[in-house]
Amino acid sequence: MTADTQTTPTDLAQGATARRVSAPVYVYELPVRIWHWVMALSIVILSITGFLIADPLWPLQVGQPSQHFLMGDIRTIHFITGDVFAVAMLVRIYWAIVGNRYAREIFAPAVWRRSWRREFVRTIRWYLFLERETSKEIGHNPLAQLAMFAMFTLGVLFQIVTGFALFGEGTGHGTWAFALFTSWVMPLFGNSQAVHTWHHLAMWYLILFAMVHVYMSVREDIMSRQTMISTMINGWRFFKDDRE
């Protein structure tokens, strides 16, 4: 086998052949990288404004009348950011279809493959410090794929659906938000308060994911055999050794 046709364990698990494991690989295309940072900023803004909407830190009827619309401004920022959040996710789903194979990993972890499951177990042992090193990964490792799908992708979709359902409750009958979301989400959860509660809990769910995601990314950047954080900036994954 020549150097240009060598495969990594991850590539074998995905049934694909890549360049030699020491050569840089272009992993994350520009739309994916832009989406990543737009979503990160959106989650920060939505979390802060969502927390203030649920539990304002100041009396609402103190000061001049011009100050009383502060919560209205916060809600407007929340709604606009939510729109950006939803549109960005729609664009990301589209790019999972037209982009490279790494763009699809967070939507379809290959759990049905034995090799994927074997690497998944090895990755868990690596995070538990039971393995001295892990395989070279070009895209997300199996544990990251599963976490991104189960916690992030599904969590984001849940927030979009419940968020628009709550928005449609305010806009009322005859609006697109009410027809597409509120009309079936409210009966599904039972009442408006239940939707509010689950929407708020899911916010903390995504915050927890973000904290773990940052920790894992920094850990992998330091301890793994490939670059991690810089890959989401320039798109390229570089490897730290020439071994398979």
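For this chain, numbers begin at 1 and follow the sequence in order.
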**Q.** Worked check of ring pair (Phe, Tyr, Trp, His ring centres under 6.0 Å) between Trp176 and Phe164
**A.** CA-CA 10 Å; Trp176 65 267; Phe164 278 122; 5.3 Å; yes
Q.
Between Val161 and Phe181, is the side chain to side chain contact (heavy atoms under 4.5 Å, CB included) condition met? List the steps.
A. CA-CA 7 Å; Val161 170; Phe181 297 97; 4.2 Å; yes
Q: For the pair Phe238 and Thr227, evaluate side chain to side chain contact (heavy atoms under 4.5 Å, CB included) and give the outcome as yes or no after the intermediate values.
A: CA-CA 5 Å; Phe238 293 86; Thr227 57; 3.8 Å; yes
Q: Show your reasoning for whether side chain to side chain donor-acceptor pair (under 3.5 Å) applies to Glu169 and Thr182.
A: CA-CA 6 Å; Glu169 183 183 31; Thr182 314; over 6 Å; no
Q: Step by step, work out the side chain to side chain contact (heavy atoms under 4.5 Å, CB included) result for Thr134 and Arg225.
A: CA-CA 8 Å; Thr134 188; Arg225 302 168 65 194; 5.6 Å; no
Q: Might you work through the side chain to side chain contact (heavy atoms under 4.5 Å, CB included) test for Ile74 and Phe51, ending with a clear yes or no?
A: CA-CA 10 Å; Ile74 291 174; Phe51 179 82; over 6 Å; no
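Below 30°, between 30° and 60°, or above 60°: for His200 and Trp204 the angle between ring planes is above 60°, a perpendicular geometry. In this structure, Phe158 and Trp198 have perpendicular ring planes: the angle between them is above 60°, well past the 30° mark.
Minimum interatomic distance between Val27 and Arg237 (heavy atoms only, all atoms of both residues): CG2-CB, 3.8 Å. Contact between Ser217 and Met228 at its shortest, heavy atoms only, is O-CG, 3.7 Å. Scanning all heavy atoms of the two residues, the minimum distance from Phe167 to Ala177 falls at CD2-CB, 3.7 Å. Annotation for Thr162 and His199: closest pair OG1-ND1, 2.8 Å, computed over non-hydrogen atoms. Scanning all heavy atoms of the two residues, the minimum distance from Pro142 to Glu119 falls at CG-CB, 3.7 Å. Closest approach of Asp221 to Lys240, counting heavy atoms only: O-NZ, 2.7 Å.
Here the straight-line distance linking atom CG of Asn100 with atom CH2 of Trp95 works out to 8.5 Å at 0.5 Å rounding. From Glu220, atom CD reaches atom OG1 of Thr123 across 8.0 Å, with rounding to the nearest 0.5 Å. Between the CE atom in Met203 and the CG atom in Leu46 there is a gap of 10.0 Å [rounded to 0.5 Å]. From Phe85, atom CZ reaches atom CG of Leu90 across 11.5 Å, with rounding to the nearest 0.5 Å. Within the model, atoms OG1 of Thr49 and CD1 of Ile80 stand 10.5 Å from one another, a figure rounded to the nearest 0.5 Å. Interatomic distance, Glu29 CD to Ile34 CD1, rounded to the nearest 0.5 Å: 11.5 Å.
Looking only at side-chain heavy atoms (C-beta outward), Phe120 and Gln145 stay at 4.5 Å or farther from each other. When side chains are defined from C-beta on, Thr153 counts as touching Phe107, because their heavy atoms get closer than 4.5 Å. Between Asn191 and Met186, the closest side-chain pair of non-hydrogen atoms is not below 4.5 Å. Tyr102 is not listed as a side-chain neighbour of Thr231, based on a closest heavy-atom distance of 4.5 Å or more. The shortest distance between side-chain heavy atoms of Tyr127 and Met216 falls below 4.5 Å.
Clustering ILVMFWY residues whenever any of their side-chain heavy atoms sit less than 4.5 angstrom apart, transitively, puts Leu128 in the very cluster that holds Leu143. Each of Ile77 and Leu206 belongs to its own hydrophobic cluster when Ile, Leu, Val, Met, Phe, Trp and Tyr are linked at side-chain heavy-atom distances under 4.5 angstrom. Linking ILVMFWY residues whenever their side-chain heavy atoms come closer than 4.5 Å, directly or via other members, leaves Met232 and Met151 in distinct clusters. If you chain together hydrophobic residues whose side chains sit under 4.5 Å apart, Met39 and Ile233 never meet in one group. Under the 4.5 Å side-chain heavy-atom criterion for grouping Ile, Leu, Val, Met, Phe, Trp and Tyr, Val38 is not connected to Phe79 through any hydrophobic cluster.
The distance between the ring centers of Phe152 and Trp35 falls below 6.0 angstrom. Side-chain rings of Tyr28 and His140 approach one another, their centers coming within less than 6.0 Å.
The backbone N or O of Trp112 lies less than 3.5 Å from no partner atom in the side chain of Trp116, so there is not a single donor-acceptor pair. Between the side chain of Thr81 and the main chain of His78, no donor-acceptor pair closer than 3.5 Å is present. No donor-acceptor distance shorter than 3.5 angstrom exists from the side chain of Arg92 to the backbone of Val32, with no hydrogens or angles considered.
Annotation for Tyr94: atom OH does not count as buried by contact number, only 12 or fewer foreign heavy atoms lying within 6.0 Å. In Arg33, the CZ atom is crowded: over 12 heavy atoms of neighbouring residues, nucleotides or ligands sit closer than 6.0 Å.
Judged by the 6.0 Å distance and 45° axis criteria, Arg219 is positioned over the aromatic ring of Trp126.
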